[in-house]
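Following: one structure in structure tokens, then a few remarks.
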Amino acid sequence: MGDDGPNADKDVLNKQQALWENMLFLKPDMFGVLPSNAAQKAASFLSEEGLSTVLELGAGQGRDTIFLAGEGFKVSALDYCKSAMGTIEKKATAQGLSAFVDTICHDVRNPLPFKEDSFDACYSHMLLCMALATNQLELLMQEIRRVLKPGGIHIYTVRNTDDPHYQKGINRGDDMFEVSGFIVHFFSEEKVKSLAKGYDVVAIDRFEEGELPRKLFGVTLRKKK
């Protein structure tokens, strides 16, 4: 554990974009081609709710994007890596899903490029636990709320403070730690609840994924009307 102090270093956080851009360009299927369990569970819930338009944040190389589109959802996939957006477009075309997928290259640290009440739902898998400081997360949560329709659903997953990597590697402040070059923001249940202003908490589930294994929260929120 490092001694970088309690405050997040903006320069260090900003360098993460170039790191991800390079990794996603070099490894077109870095996270595999099968959808995450989180996406499968989200699709089931959103179908039960009768929802159809989904904003996916941090879409990466599109394994969940393509799955959601294949399930009949109209997906607006957003990521700050241009190479990732190109990969998603190619996959959508190859599978005949271009009509169900829009791609937008955008950094979520900036206001979302959509009007109010644009989407039935927002979905992200481990986007919020990337190199985003708490104040940036607070702004993003309210931006998501803004673009959701009244009663809209926000489903996201994040690594939590029970994760084996928590407090390992270099301390980047604000419960963020850098391991093997990648910075992760780890969430406590209290943080999840504190970020949910303007939402009703539907569920906070615990699950595991991948090697170690990673310990995550699966959070389901509903925008207050």
Could Asp205 and Lys41 be called an ion pair, given the rule that one side-chain N must be under 4.0 Å from one carboxylate O? yes
Is it possible for you to say whether Leu68 and Leu128 belong to one hydrophobic cluster, with membership spreading through side-chain heavy-atom contacts below 4.5 Å? no
Any salt bridge linking Glu143 with Arg146? Criterion: basic side-chain nitrogen under 4.0 Å from a carboxylate oxygen. yes
Would you give the length of the straight line joining atom SG of Cys122 to atom CG of Leu55, rounded to the nearest 0.5 angstrom? 4.5 Å
Any heavy-atom pair between the side chains of Thr161 and Lys215 that's under 4.5 Å? no
Are Met85 and Leu112 joined in one hydrophobic group, where the rule is that I, L, V, M, F, W and Y side chains link up if heavy atoms are under 4.5 Å apart? no
Leu51 and Ala121: which non-hydrogen atoms are nearest, and at how many Å? CD1-CB, 4.3 Å
If you define the side chain from C-beta out and look only at heavy atoms, does anything of Arg63 sit under 4.5 Å from Ser36? yes
Intermediate values then yes/no, side chain to side chain contact (heavy atoms under 4.5 Å, CB included), Leu212 and Arg159: CA-CA 12 Å; Leu212 295 179; Arg159 292 172 75 173; 3.9 Å; yes
For Thr53 and Ser118, work out which heavy atoms get closest and say how close. OG1-O, 4.2 Å
Within a strict 4.5 Å, meaning less than it, do heavy atoms of the Phe186 and Asp163 side chains meet? yes
Test item: Asp174 side-chain N/O and Met176 main-chain N/O as donor-acceptor pair under 3.5 Å: no
Considering all heavy atoms, the nearest Glu208-Pro213 contact: OE1-CG, 3.3 Å
Just by distance, do the side chain of Asp200 and the backbone of Lys224 share a donor-acceptor pair under 3.5 Å? no
Shared ILVMFWY cluster between Leu195 and Tyr199, side chains joined below 4.5 angstrom? yes
Output, in order, the C-alpha distance, side-chain angles, deciding distance and verdict of side chain to side chain contact (heavy atoms under 4.5 Å, CB included) for Ile144 and Lys223. CA-CA 9 Å; Ile144 294 169; Lys223 176 180 174 178; over 6 Å; no
Considering residues at least two apart in sequence or located in another chain, which fulfil the ring-ring contact (aromatic ring centres under 6.0 Å, His included) criterion with Phe114? Phe119
How long is the straight-line distance from CG of Leu140 back to OG of Ser124, given to the nearest 0.5 Å? 8.0 Å
Looking at side-chain heavy atoms only, is the closest gap between Val219 and Ile155 below 4.5 Å? no
Interatomic distance, Ile204 atom CD1 to Asn160 atom CG [nearest 0.5 angstrom]: 11.0 Å
Quick one: do Lys191 and Glu138 make a salt bridge, cutoff under 4.0 Å? no
Drop me the distance from Lys82's NZ to Thr103's OG1, to the nearest 0.5 angstrom. 12.5 Å
Connected via hydrophobic side-chain network under 4.5 Å: Met126 and Val75: no
Near-ring test Tyr166/Phe177, centroid separation under 6.0 angstrom: yes
If you define the side chain from C-beta out and look only at heavy atoms, does anything of Leu221 sit under 4.5 Å from Val202? no
Take Gln142 and Lys197 through the side chain to side chain contact (heavy atoms under 4.5 Å, CB included) test and state the conclusion after the steps. CA-CA 8 Å; Gln142 292 310 306; Lys197 295 176 182 176; 4.0 Å; yes
Taking the basic N atoms (NZ, or NE/NH1/NH2) and the acidic carboxylate oxygens, is any pair closer than 4.0 Å for Asp162 and Arg214? no
Of all heavy-atom pairs linking Met141 and Tyr156, the shortest is CE-CE2, 4.1 Å
Minimum side-chain heavy-atom gap Cys105-Asp79 below 4.5 Å: no
State, with a plain yes or no, whether a side-chain heavy atom of Arg172 is found less than 4.5 Å away from one of Ile170. yes
Residues Lys149 and Asp120 bridged, charged N to O under 4.0 Å: yes
Do the side chains of Leu137 and Val147 join up, straight or via other hydrophobic residues, at under 4.5 Å, putting them in one cluster? yes
Compare every heavy atom of Ala69 with every heavy atom of Phe100, then report the nearest pair and how far apart it is. CB-CB, 3.8 Å
Any chance you could lay out the side chain to side chain contact (heavy atoms under 4.5 Å, CB included) test for Leu216 and Val158, step after step, and finish with the verdict? CA-CA 5 Å; Leu216 294 98; Val158 285; over 6 Å; no
Please identify each residue that fulfils ring-ring contact (aromatic ring centres under 6.0 Å, His included) with His185, with sequence neighbours left out. Phe187
Would you please name every residue forming a salt bridge (Lys or Arg N to Asp or Glu O under 4.0 Å) with Glu89, sequence neighbours left out? none
To the nearest 0.5 Å, tell me how far Lys91 NZ sits from Leu97 CG. 12.0 Å
Going by side-chain contact (heavy atoms from CB on, under 4.5 Å), Tyr123 matches just one of Ile153, Asp64, Leu57, Thr65. Which one? Asp64
Give the minimum heavy-atom separation between Gly151 and Arg222, together with the two atoms involved. O-CG, 3.3 Å
Going by heavy atoms in the side chains, are Phe207 and Thr157 under 4.5 Å from each other? yes
Tell me, with the steps shown, if His125 and Glu209 meet side-chain hydrogen bond (donor to acceptor under 3.5 Å, both in side chains). CA-CA 11 Å; His125 185 36; Glu209 182 180 276; 3.0 Å; yes
Tyr80 and His106 aromatic centres sub-6.0 Å: no
Output, in order, the C-alpha distance, side-chain angles, deciding distance and verdict of side-chain hydrogen bond (donor to acceptor under 3.5 Å, both in side chains) for Ser98 and Thr93. CA-CA 5 Å; Ser98 295; Thr93 299; 3.3 Å; yes
When rounded to the nearest 0.5 angstrom, what distance separates OG in Ser180 from CD in Glu178? 9.0 Å
